[in-house]
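What follows is a single structure, written as structure tokens, with notes after it.
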Amino acid sequence: MKISFAEPKLPTSGLLVFLVGADARLGASAKVVDKATKGALTRALKAASFAGKKGESLSVLAPQGREKATILLIGAGNAKDVDALRAQEIGAQIYKAIGAVSGSAATIIAEMTGAKARGGELAASIAIGARLRSYKYDKYLTGSKGRSASSKLSRLQIMVKGATDARRRYAVLAPVADGVDMARDLVSEPSNVKSPKWMAAQCRKLTKLGVKVEVLGEAQMRKLGMNALLAVGQGSVRESQLVVMRWNGGGKDAKTVSFIGKGVTFDTGGISIKPAGGMEDMIWDMGGAGTVIGAMRAIAGRKAKANVIGVVGLVENMPDGNAQRPGDIVTSMSGQTIEVINTDAEGRLVLADALWYTQKRFKPDVMIDFATLTGAIMVALGREYGGLYANDDGLAERIVSSSKEVGEKVWRMPLDDAFDRQINTPRADMKNVGPRWGGSITAAQFLQRYANDVPWAHMDIAGVAWSDKEQPLMARGATGFAVRTLDQFVRDHYEK
Ligand code: BES
Ligand code: MN
Ligand code: ZN
């Protein structure tokens, strides 16, 4: 979909979209059209009892005086509530409503009296909302279900006073949407294609944007002593990989922020095998890596003035003659030993080595890891909130505040020595599972032992990396959760 901005100059034909505020309030341009059509818009609003509430939409076809036009009226709610985030949702709402009316091109008049977001900000926010909502994973649909059939709307023009400002703002937002879409593509890919090496190849594509990409194979990881990560992949015929992505936009003296992702390209559970029902969901067990890669793409794409490192541990967890067994004891890169009680608690083994490697090699200012780590976080927070853990209150607050700015829901969870003790075992330094209760917390406690003294946060995104229902800014499926939060976090705390 091609998105462009122009100064207002009302077309007399085609699909025209107007925002309607609460109490069916029309903007100035809509009033002009209403007049030209002898009140067709106000009549239609009345006949449909259209109140301008958010979510409402109404199409007026070929009104007298504008016979070649279709007017789409979009309920935008109370003007004073329309800030940049609401405007994004309105953009998404418009994209969806256009799909119902059909048409390959549309013009949106970004005008709303009394809105908090105005001019270029309103227009760019509407544009990015439409752009995010337009994502569809149709790579494997053929024939009439295929790509050409599903993406009807190919050109979207947004008219606004101050089109130059809108263009400038959109140019910063679009790379972030590219990052979200990339994460969604990666997470959606089926695991017959999505091997650790395939994932590494996708990371390498970021080289074009100026990201330095390094890929470590099993031999290199063995030399480094990453036996916890390697143990997870040893039952797979596909080679495990660790990818390091570096964006140096901040210059020599800038601090380094690091993101670490769990990239289990398929999680069968290993020898502690999962039940068959729903196992197909485990294609998205690399969601944490997807977030990190998508964030790197966003940050490099907009040429952020910051130094950012992304590290993803890529493995496939399979049952096999060579797979690790419950009861095995592995020595992680940190030197700490782990008794593997359950081979399905594999994500923490991958992250243990990735976290240790990241801090030893890069001495980052902070480490934030992302993982579809536990079913337990879904019990705690449902499918609405990502669970945040941190060994540093300031860092947790900064992440939560950035997440709010972009409208992603994050909830802080506790860490506590009482939980830490629950992963002690007589046979090794720790075991990889705790007792039944608080499973997401004991998983986080495990990771904390590998964060060492570095300010660190962990986000358990098992509940939010994939959505079975439609979201305000996206259709169901992979969400690209936290890509926008990370981009915002870098913008808020590591630039300027
Ligand atoms: N990848 C799963 C967690 C998960 C579950 C992600 C559902 C997305 C949806 C993780 O590797 C896992 O299997 N965790 C176990 C841990 C348990 C064995 C301690 C779990 O949550 O059941
Ligand atoms: Mn598992
Ligand atoms: Zn897993």
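Atoms within a ligand are numbered from 1 in the order they appear, just like the ligands themselves. Every heavy atom of this structure was used, including side-chain atoms; hydrogens, water molecules and symmetry mates were not.
- Screening L415, D460, L373 for a side chain to side chain contact (heavy atoms under 4.5 Å, CB included) with L447, the sole residue that qualifies is L373.
- Q359 and N452 are linked by a side-chain donor-acceptor pair at a separation below 3.5 angstrom, with hydrogens and angles left out of the test.
- The Mn ion (ligand 2) has D267 OD2, D344 O, D344 OD1, E346 OE1 as protein N, O or S atoms under 2.8 Å away.
- The heavy-atom pair separating P196 from E239 by the smallest distance is CB-O, 3.2 Å.
- Judged as a side-chain contact (heavy atoms from CB on, under 4.5 Å), and not counting sequence neighbours, the contacts of M221 are L216, M226, L229, L230, S240, L242.
- The line from CD1 of I377 to OH of Y385 is 12.5 Å long, rounded to the nearest 0.5 Å.
- D429 and T337 share a side-chain donor-acceptor pair at under 3.5 Å.
- The pair D178-R131 counts as a salt bridge, with a side-chain nitrogen and a carboxylate oxygen less than 4.0 angstrom apart.
- Note on ring orientation: taking the six-membered ring where Trp is involved, the planes of F489 and Y494 are tilted (angle from 30° to 60°).
- Any protein N/O/S atom under 2.8 Å from the Zn ion (ligand 3) was counted, giving 4 altogether.
- F362 and Y357 have perpendicular rings, their planes meeting at more than 60° on a 0 to 90° scale where under 30° would count as parallel.
- Under 4.0 Å from any atom of ligand 1, one finds heavy atoms of residues K262, D267, K274, M282, W284, D285, N342, D344, E346, R348, T372, L373, T374, G375, M378, V433, A462.
- Considering all non-hydrogen atoms of both residues, W284 and A462 come closest at CZ3-O, 3.2 Å.
- Nearest heavy atoms, T265 versus S195: CG2-C, 3.8 Å.
- Neither side chain, Q93 nor K96, offers a donor N or O lying under 3.5 Å from an acceptor on the other.
- Side-chain N or O atoms of R383 include one that pairs as donor or acceptor with a backbone N or O of G463 at under 3.5 Å.
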